[in-house]
Amino acid sequence: MKKLKIGIVGLRFGGEFAEIYKAHPAVEKVVLCEQDAALLSEYASVFGYDELFTDYDQMLQTDLDAVHIVTGIPSHHELTVKALRAGKHCACTVPMGVSLEELFDIIRAQAESGKQYMMMETSIYTFQCFYAKKMLEKGEFQNIQYMRGIYFQDMDGWPAYWTGLPPMHYATHAVSPLLYLSKGIPESVICLGSGKMDPRLQEKYGNPYPIETATVQFRDQPYVADLTRSLFETAHEYVEGFTILSDRASFEWNVENEPPRISVFQEGKDCTNMGSRGRRIHTYDAHCENMEELLPKEIQEYTRHCTILDPKHPHNSIQQGGSHHGSHPHMVHEFLSSILENRKPETDAVTSAYWTAVGICAHLSATQNGARIPIPDFEEFSAQLSSHTV
Ligand SMILES: NC(=O)c1ccc[n+]([C@@H]2O[C@H](COP(=O)([O-])OP(=O)(O)OC[C@H]3O[C@@H](n4cnc5c(N)ncnc54)[C@H](O)[C@@H]3O)[C@@H](O)[C@H]2O)c1
């Protein structure tokens, strides 16, 4: 089997991924790029890496097969396009970009490079999402009637690029499970801003809303999806969650708990809860498996824990949400497999663009007092690009 050379860019949250790549049987070597030289050398000496870069462009000139970008939000577009244009496969943490132009640009760069692009969306590889996917595959949902995604997180005190960010500009964790499971193509969105934001938090992005709440309509589908996202001045624990209501069974995950549990509502004879007069609904809390059997044995353990530089001061994303509910090694495995199997990853450029654009268009709607904003047809754009390159 061909083995891959991987570069990790950004070692704060990114530091959780290097050891997973290093342990993966399809990886020959991992090199690190971090512009903070002190962090780079500390990480390298603790975990044993010797190919180190502080300059991203220099790293791209080497013989790496792929890079995984885990830098701050404003840099995702630029670093992604550079990687693809340098002939590297590229994984990038969420969001894909911060404007529709950036999303189109990445789709174009991916198509022209012929390399794989994957947005590393944690929320579709969580214990909870795997459970809902199984229900779906067993046909338990039948007709979806409605979906809801929530994501509450207070970003006070995080790096400066977060300060005052429009909540819907970082909404993929609420959007993605819904679009992934339903396979719905989002067509338009309406959104309102909610609450009162400290004027100092409005200076950077001109965003007056601590919370935004949106409704998405889908192409040729009868259901809608509601999304609610808070980022500032909201007293709530960290929660990512989603609900799928269908005619036969429903799924709900709206609290963080350990071990991970969700609620399922199903038609059934052994009823614990009263449904409508003609139907009875059985409600139960289900334990979610981590699905590590889908992974090479060398990285299965990373569904249960992750590597951190300083256990006394772990990255907030580990404390909040239990290292993203076991998702990290699943994302790494999917990215590497897409390269080795020469196929698009589950979250390819077009899919990632839809998942990110829902939030970008939602915030645009909020700034226009809830006007309906169409979501671009990225499939059509991608098809046009392919017809030009044929
Ligand atoms: N669940 C998730 O998917 C999830 C969770 C947390 C963070 N994120 C994403 O990951 C990103 C990174 O998170 P973080 O908390 O580590 O951010 P951070 O800003 O604290 O750290 C980013 C690191 O990247 C380095 N860096 C920035 N530009 C660089 C460049 N050009 N070359 C080399 N190094 C560079 C910085 O020096 C810094 O150490 C976030 O902005 C967010 O988009 C996603």
Side-chain angles (χ1 to χ4, degrees), residues 7-18 20 31-44 52-60 64 67-83 86 90-98 102 118-126 128-129 149 151-163 165 167 169-177 229 231 238-241 256 306-310 313-332 334-335 347 352 355-356 359:
I8 309 285
V9 193
L11 285 182
R12 294 202 186 278
F13 178 42
E16 296 178 31
F17 291 93
I20 308 178
V31 311
L32 306 177
C33 178
E34 166 58 62
Q35 63 191 12
D36 175 343
L39 172 60
L40 179 64
S41 83
E42 189 189 0
Y43 189 97
L52 312 177
F53 295 86
T54 49
D55 185 301
Y56 180 65
D57 295 333
Q58 259 181 20
M59 188 187 77
L60 287 182
L64 291 179
V67 297
H68 179 167
I69 298 162
V70 203
T71 58
I73 297 167
S75 62
H76 293 176
H77 160 255
E78 183 191 344
L79 300 188
T80 297
V81 170
K82 274 188 176 178
C90 179
C92 183
T93 187
V94 301
M96 183 182 192
V98 293
E102 289 189 358
M118 176 169 167
M119 181 173 78
M120 300 298 257
E121 174 54 68
T122 46
S123 68
I124 64 163
Y125 298 109
T126 60
Q128 296 85 347
C129 194
Y151 179 22
F152 302 126
Q153 182 174 19
D154 196 301
M155 299 307 283
D156 189 22
W158 285 63
Y161 55 83
W162 287 102
T163 306
L165 188 78
H169 276 199
Y170 196 91
T172 63
H173 300 331
V175 175
S176 304
R229 173 76 172 105
L231 257 181
Y238 177 98
V239 176
E240 287 174 29
E256 290 293 337
C306 57
T307 314
I308 40 180
L309 190 55
D310 178 359
H313 302 97
H315 190 279
N316 281 345
S317 65
I318 297 177
Q319 297 170 308
Q320 297 167 318
S323 191
H324 304 112
H325 316 92
S327 59
H328 298 175
H330 289 284
M331 293 193 302
V332 167
E334 172 61 9
F335 179 50
T347 29
S352 307
W355 295 1
T356 308

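Counting starts at 1 for both ligands and their atoms, in listed order. Predicted model only: the values in this text are computed from it and were never measured.
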[X] versus [Y], closest heavy-atom pair with distance:
X      : Y      : value
Asp154 : Trp158 : O-NE1, 4.1 Å
Glu121 : Val94  : OE1-CG1, 3.3 Å
Phe335 : Ala91  : CZ-N, 3.5 Å
Thr71  : Ile69  : OG1-CG2, 3.5 Å
Ser352 : Thr347 : OG-O, 3.2 Å
Arg229 : Gln153 : NH1-N, 3.8 Å

Original post:
Side chain, backbone, both or neither: which part of Val94 has a heavy atom under 4.0 Å from ligand 1?
Top reply: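 Both backbone and side chain.
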Ligand 1 to [X] polar contact by distance, N or O atoms, under 3.5 Å:
X      : answer
Gln35  : yes
Leu79  : no
Ser75  : no
Trp158 : no
Thr54  : no
Phe13  : yes
Glu240 : no

Subject >> Chi angles and distances behind the side chain to side chain contact (heavy atoms under 4.5 Å, CB included) call for Tyr151, Thr172 >> reply: CA-CA 9 Å; Tyr151 179 22; Thr172 63; over 6 Å; no
**OP:** From atom 21 (O) of ligand 1, work out which of Met120, Glu16, Arg12 has a heavy atom at the shortest distance.
**Re:** Arg12
Show the atoms of ligand 1 that are less than 4.0 angstrom away from any heavy atom in [X].
X      : result
Thr71  : 11 (C), 12 (C), 24 (O), 26 (N), 27 (C), 28 (N), 29 (C), 35 (C), 40 (C), 41 (O)
Leu39  : 39 (O)
Gly72  : 41 (O)
Pro159 : 19 (O), 20 (O)
His76  : 43 (O)
His324 : 1 (N), 2 (C), 5 (C)
Ile73  : 41 (O), 43 (O)
Tyr161 : 17 (O), 18 (P), 19 (O), 40 (C), 41 (O)

Original post:
Where does the angle between the aromatic ring planes of His328 and Phe17 fall among parallel (under 30°), tilted (30 to 60°) and perpendicular (over 60°)?
Top reply: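 Ring orientation of His328 relative to Phe17: tilted.
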Original post:
Does ligand 1 have an atom that lies less than 4.0 angstrom from a heavy atom of Phe53?
Top reply: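 In this structure, Phe53 fails to qualify as a contact of ligand 1 - no heavy atom is under 4.0 Å.
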Original post:
Can you tell me if His173 has a non-hydrogen atom under 4.0 Å from ligand 1?
Top reply: yes
Under 4.5 Å between any side-chain heavy atoms of [X] and [Y], yes or no?
X      : Y      : answer
His325 : Thr122 : no
Trp355 : Met119 : yes
His77  : Val98  : no
Tyr170 : Met155 : no

